[in-house]
A.B. asks: 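For reference, the structure I am asking about is given below.
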Amino acid sequence: MNSLNRQVEESRQSMREEVLEGLRRPQKSLPSKYFYDERGSRLFEQITRLKEYYPTRTEKAIMQQHMPEIAEYIAGDSVLVELGSGSSKKTRLLLDHLTNIAAYVPVEISEKYLAEVVGTLKQDYPNLLIKPVCADYTKPFQVPPIQNPHTYYVLFYPGSTIGNFRPCQAQQFLETISRILNPGGGMIIGVDLKKDKKIMEVAYNDKKGITAAFNKNILRHINRELDANFDLDNYRHKAFFNEKEGRIEMHLVSEKEQEVAVASETFLIEEGESIHTENSYKYTLEEFEKLVHPWFSVQKVWTDKNDHFSVQYLQKK
Ligand code: AVI
């Protein structure tokens, strides 16, 4: 078996274990990272353009409005490391204002996507040194070492993706990621804020049903990769704000009693029973400061006029 096939086999094996483990629990659940096969990533792109989904456009507007000031937090000679760079669209807003960074390091799990995006970035920014890293940024990965002792790393983590971790997982992640940084380094991060429940719930229940299709795509992905037989028509999308936990929860609710086979195990799903597919935590500024404080101090917060979203500069402690 060559190394690519081995990698594919290993990731299928860990998907199998994680999916089965989630389905064996009393509250069935599936890891939200499995939304994102090629179709899921396209559906997510569509979500970011929906009028109901305020986070993407609000973050972009904050960055555009405050860009010269945000860029000041990235000194010349620093290395900009983007976690889960995807299309690098928001990064362009930053790159347009940075003239002399040492390098841009996009970290992205999809090799194909990374190669494509780096190709166009190289054309548009011919003087920029780009050092792509193909990796799952939630696991330890190697960043290209920097030779100059006066250079430091600045992480870029937009989109409020931190909200998809439970707070204790978010803290483990922050601890791991802070180890990449040398003194003087920091992180520019997008964080979705708590607000009127209706605004948040509408954002995850759009009229066109794109979020519902995105949610159901996890079953389609599992059917394909693990030889499962989920019938997508038998599940209904449900998303609501869980006040006590401070998070939007997405579920797939079974419309009838049914059996499903996944990788040679069979599960009975009752009528009305749900499979929990995603959490999206929303924070107050105080809650977020507490979350990060063992490793980072919040140096600056930019928000929109309604305080719906924030972009923050965190300094490594
Ligand atoms: C990627 N992540 C920040 C999105 C969110 O809002 O939690 C994923 C998403 N789920 C439904 N809509 C968007």
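As the structure is a computational prediction, the values presented were derived from the model and not from experiment. Both ligands and their constituent atoms are indexed starting at 1 by order of listing. All residue numbers in this chain count up from 1 along the given sequence.
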A.B. asks: At a 4.0 Å cut-off, with the gap strictly under it, does some heavy atom of Gly159 reach an atom of ligand 1?
C.D. replies: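 Distance cut 4.0 Å: Gly159 passes for ligand 1.
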
A.B. asks: Run the salt-bridge test on Arg12 and Glu9 with the 4.0 Å N-O cut-off and return the result as yes or no.
C.D. replies: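 Salt bridge between Arg12 and Glu9, a charged N being under 4.0 Å from a carboxylate O: yes.
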
A.B. asks: Are Glu175 and Arg179 within salt-bridge range, i.e. N to O under 4.0 Å?
C.D. replies: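 Counted as a salt bridge, because a side-chain N and a carboxylate O are separated by less than 4.0 Å.
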
A.B. asks: Please state whether Ser160 comes within less than 4.0 angstrom of ligand 1, counting heavy atoms only.
C.D. replies: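 The answer is yes, since Ser160 has a heavy atom less than 4.0 Å from ligand 1.
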
A.B. asks: Hey, are the side chains of Phe141 and Leu83 touching, using non-hydrogen atoms and a 4.5 Å cut-off?
C.D. replies: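 They are in contact (side-chain heavy atoms under 4.5 Å apart), so the answer is yes.
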
A.B. asks: Tell me the contacting part of Tyr36 for ligand 1: side chain, backbone, both, or neither, using a 4.0 Å heavy-atom threshold, strictly below.
C.D. replies: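 It is the side chain that touches ligand 1; the backbone stays farther off.
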
A.B. asks: Looking only at the aromatic ring of each residue, does the gap between the centers of Phe296 and Tyr313 stay below 6.0 angstrom?
C.D. replies: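 No, too far apart.
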
A.B. asks: Looking only at distances, please establish whether an N/O atom of ligand 1 is found under 3.5 Å from an N/O atom of Lys282.
C.D. replies: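 There is no such contact.
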
A.B. asks: Is ligand 1 under 4.0 Å from a heavy atom in the side chain of Phe44, in the backbone, in both, or in neither?
C.D. replies: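 Contact part for Phe44 vs ligand 1: side chain (C-beta onward).
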
A.B. asks: To which protein heavy atom is atom 10 (N) of ligand 1 closest, and what is the distance rounded to 0.1 Å?
C.D. replies: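 For this ligand atom, the closest protein heavy atom is Glu278 OE1, 2.7 Å.
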
A.B. asks: Please could you name the atoms of ligand 1 that Phe214 approaches to less than 4.0 Å, counting only its heavy atoms?
C.D. replies: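 Numbered from 1, ligand 1 contributes 10 (N), 11 (C).
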
A.B. asks: How far is atom 5 (C) of ligand 1 from the closest protein heavy atom, and which atom is that?
C.D. replies: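 Minimum-distance protein heavy atom for atom 5 (C) of ligand 1 reads Tyr53 OH, 3.3 Å.
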
A.B. asks: Between the side chains of Arg92 and Asp124, is the shortest nitrogen-to-carboxylate-oxygen separation below 4.0 Å, so that they form an ion pair?
C.D. replies: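 Judged by the 4.0 Å cut-off on N to carboxylate O distance, Asp124 and Arg92 do form a salt bridge.
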
A.B. asks: May I ask you to identify the nearest protein heavy atom to atom 7 (O) of ligand 1, giving residue, atom name and distance to one decimal place in Å?
C.D. replies: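 So the nearest neighbour among protein heavy atoms is Ser280 OG, 2.7 Å.
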
A.B. asks: Thinking salt bridges, do Glu45 and Lys89 make one under a 4.0 Å N-O criterion?
C.D. replies: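 Here Glu45 pairs with Lys89 in a salt bridge, since their nearest N and O are under 4.0 Å apart.
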
A.B. asks: Which residue owns the protein heavy atom closest to atom 2 (N) of ligand 1, what's the atom, and how far is it?
C.D. replies: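 The answer is Asn164 OD1, 2.9 Å.
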
A.B. asks: May I ask you to check whether Tyr157 and Phe173 place their ring centers less than 6.0 Å from one another?
C.D. replies: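 Yes, the ring centres sit under 6.0 Å apart.
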
